[in-house]
Amino acid sequence: MPVSDPELMKIVEARILNKKVCRRCGALNPPTATRCRRCRSTNLRFKKKQVAMKK
Ligand SMILES: [Zn+2]
């Protein structure tokens, strides 16, 4: 998703990246979660994907 506005970019980044993804089932969890809400796995990682920015 290309975003051109730098201010909007910060909001988008905070919203998209502030999540944990389960390595087992791929479910999205809140950043405060210690285990997956779907499969109860503790194997969670933070999203590291960069948001595409228009030049
Ligand atoms: Zn899971």
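Bear in mind the structure is a predicted one, so any value in this text is a computation, not a measurement. All heavy atoms count here, side chains included; hydrogens, waters and symmetry mates do not. Order of listing sets the numbers, starting from 1, for every ligand and every atom in it. All residue numbers in this chain count up from 1 along the given sequence.
- Screening the protein for N, O or S atoms under 2.8 Å from the Zn ion (ligand 1) yields 4; no waters enter the count.
- Sequence neighbours left out, the pairs with a member in residues 23-38 that pass side chain to side chain donor-acceptor pair (under 3.5 Å) are Arg23-Asn43.
- When atom types are taken as modelled, the side chain of Lys20 and the backbone of Ala33 share a donor-acceptor pair closer than 3.5 angstrom.
- The side-chain heavy atoms of Cys25 and Ser41, taken from C-beta on, include no pair separated by under 4.5 Å.
- Residues Phe46 and Leu17 share a closest heavy-atom pair of CD2-O, 4.2 Å.
- With sequence neighbours excluded, no residue forms a salt bridge (Lys or Arg N to Asp or Glu O under 4.0 Å) with Lys47.
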